[in-house]
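The next block holds one structure in the form of structure tokens; read it before the comments.
For clarity, every value in this text was computed on a predicted model and none was experimentally measured. Starting from 1, each residue takes its place in the sequence as its number.
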Amino acid sequence: MNLITFTIALTALISLILAFIAFWLPVLNPDNEKTSPYECGFDPLGSARLPFSLRFFLVAILFLLFDLEIALLLPLPWGDQLDFPLITILWTATILILLTLGLIYEWLQGGLEWAE
């Protein structure tokens with residue numbers, strides 16, 4: 001048996017074992033909490049017209065902003081191999097400085113406070 005066939009068979013076997021365990025384990029102990037849908041802490045059977053916390057929304061938007069900022073920094077290791085890596089470093093520093101200033105502004109304005 002050559003190496004490729006062995007690797008494919010081993011991968012298929014491990015995948016089947018993990019799939020079987022994933023379908024078998026959650027059924028062991030079902031209760032009311034596990035079978036109910038998760039709706040970010042809200043009662044899924046209650047009214048959909050309840051007021052939504054604006055602070056939760058703002059913190060979620062800040063998280064998305066800083067999460068997407070990582071996508072802008074991902075090409076940085078390849079940018080260092082360009083002919084002029086100083087330009088890449090300047091753009092990276094500009095992005096990080098703008099995001100840091102925005103975070104400081106939000107912090108000073110109280111946008112990150114959960115309680116009044």
| request: Flag yes if Leu10 and Leu18 sit in one hydrophobic cluster, no otherwise; membership is Ile, Leu, Val, Met, Phe, Trp, Tyr, and two members link when side-chain heavy atoms are under 4.5 Å apart. | output: yes

| request: Check whether any side-chain heavy atom of Leu103 lies under 4.5 Å from a side-chain heavy atom of Phe66, and answer yes or no. | output: yes

| task | Tell me, yes or no, whether the heavy-atom count around Leu101 atom CG, taken from other residues, nucleotides or ligands under 6.0 Å, exceeds 12. | result | yes

| Trp107, Leu62: one ILVMFWY side-chain cluster at the under-4.5 Å cut-off? | yes

| request: Apply side-chain contact (heavy atoms from CB on, under 4.5 Å) to Leu98 and list each qualifying residue two or more places apart in sequence or on a separate chain. | output: Thr94

| request: Calculate, to the nearest 0.5 Å, the distance between atoms CD1 and CG belonging to Ile8 and Asn2 respectively. | output: 8.5 Å

| request: With rounding to the nearest 0.5 Å, note down the distance linking CG in Leu73 to CD1 in Ile95. | output: 6.0 Å

| request: Measure the spacing between CD1 of Ile104 and CD of Gln109 and express it to the nearest 0.5 Å. | output: 12.5 Å

| said: Using 0.5 Å steps for rounding, measure from the CZ atom of Phe6 to the OG1 atom of Thr11. | reply: 9.0 Å

| query | How about Leu90 and Ile87: do any of their side-chain heavy atoms sit closer than 4.5 Å? | reply | no

